[in-house]
Amino acid sequence: MVVDGSVEVYKTDKNAKITVLKRFIPFSFIAEISNYNDIKFPASAKSINSSIIFVINYKKFEQKLLYNETIIPIFLKSISNKVLFLEKIISENLTMNATQRVAKFIYEQESTFQETKHHKIADRLNITAVSFSRILKKMRDKNIITSDNFVINKELLKKEFS
């Protein structure tokens, strides 16, 4: 469980390209599904700033607490949130093209867009940094965003992914 800071969970492909799967913030469980199914965690994790991580002995947790009426709803909510997050990622990657994914990301996470390096956002959206730059240029040309990454027209931005 992340107690303070944040942790990124990622996968690395055969070409050493890293794909960030999810960022965990305080009081998020990591790997509960893997523990519950008694399998190795199928990804890697790293702290992206000064963090405190509470490591839980899962076997003891399961024996003494997991089925406690106070704990089980928290555990199930954590698992269901991860399922919903994965469904969203799968859905967006299957039904949206790169421009739509970028527009939706900017629309939903404008401050993150302004504060995060573009290559990291491109990785997160599963597109190349070059494609991301081209999409941003098109959005600037359409007067949707400014050259310093501020949204000019939220309605036009929304039309890009709706």
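In this chain, residues are counted from 1 in sequence order. Values in this document were obtained by computation on a predicted structure and should not be read as measured data.
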Colleague: Identify the two heavy atoms, one from N143 and one from N153, that lie closest to each other, and give their separation to 0.1 Å.
Modeller: O-CB, 4.0 Å

Colleague: Look at E108 together with K88 and state whether they make a salt bridge at an N to O cut-off of under 4.0 Å.
Modeller: yes

Colleague: Please answer whether the main-chain N or O of S50 pairs with a side-chain N or O of S47 as donor and acceptor at a distance below 3.5 Å.
Modeller: no

Colleague: Give the minimum heavy-atom separation between R101 and N126, together with the two atoms involved.
Modeller: NH2-O, 3.6 Å

Colleague: Identify the two heavy atoms, one from Y107 and one from K154, that lie closest to each other, and give their separation to 0.1 Å.
Modeller: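 That closest heavy-atom pairing would be O-NZ, 3.4 Å.
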
Colleague: Look at the side chain of R140 and the backbone N and O of I145, then say whether any donor-acceptor pair between them is shorter than 3.5 Å.
Modeller: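 The answer is no, because no donor-acceptor pair under 3.5 Å joins these two groups.
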
Colleague: Would you confirm whether S131, through its side chain, and I127, through its main-chain N or O, come within 3.5 Å as a donor-acceptor pair?
Modeller: no

Colleague: Give a yes or no answer on whether the side chain of K11 reaches the backbone of P42 with a donor-acceptor pair at less than 3.5 Å.
Modeller: yes

Colleague: Please give me the minimum heavy-atom distance between Q100 and T95, naming the atom from each residue.
Modeller: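 It is OE1-O, 3.9 Å.
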
Colleague: Could you check whether any side-chain heavy atom of I74 comes within less than 4.5 Å of a side-chain heavy atom of F29, counting everything from C-beta outward?
Modeller: yes

Colleague: Taking T146 for its side chain and F150 for its backbone only, find out whether a donor-acceptor pair lies under 3.5 Å.
Modeller: yes

Colleague: Keeping S80 on the side-chain end and K77 on the backbone end, is there a donor-acceptor pair under 3.5 Å?
Modeller: yes

Colleague: Is a donor on one side and an acceptor on the other found under 3.5 Å between the side chain of D13 and the backbone of N15?
Modeller: yes

Colleague: Checking K64 against F61: charged group under 6.0 Å from the ring centre and within 45 degrees of the axis?
Modeller: no

Colleague: Check K104 with E160, please: is the shortest side-chain N to carboxylate O separation under 4.0 Å?
Modeller: no

Colleague: Specify the closest pair of heavy atoms between G5 and S51, including all atoms of both residues, with the distance to one decimal.
Modeller: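 Distance-wise, the nearest heavy atoms are CA-OG, 3.6 Å.
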
Colleague: Can a donor-acceptor pair be found, under 3.5 Å and without considering hydrogens, that links the side chain of E8 to the backbone of V20?
Modeller: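 It does not hold such a pair.
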
Colleague: Go through the side-chain N and O atoms of S133 and K137 and say whether any donor and acceptor fall under 3.5 Å apart.
Modeller: no

Colleague: Tell me the closest heavy-atom pair linking F85 and L21, and the distance in Å.
Modeller: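 Nearest heavy atoms, F85 then L21: CE2-O, 3.1 Å.
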
Colleague: Are H119 and F132 an aromatic pair by the rule of ring centers under 6.0 Å?
Modeller: no

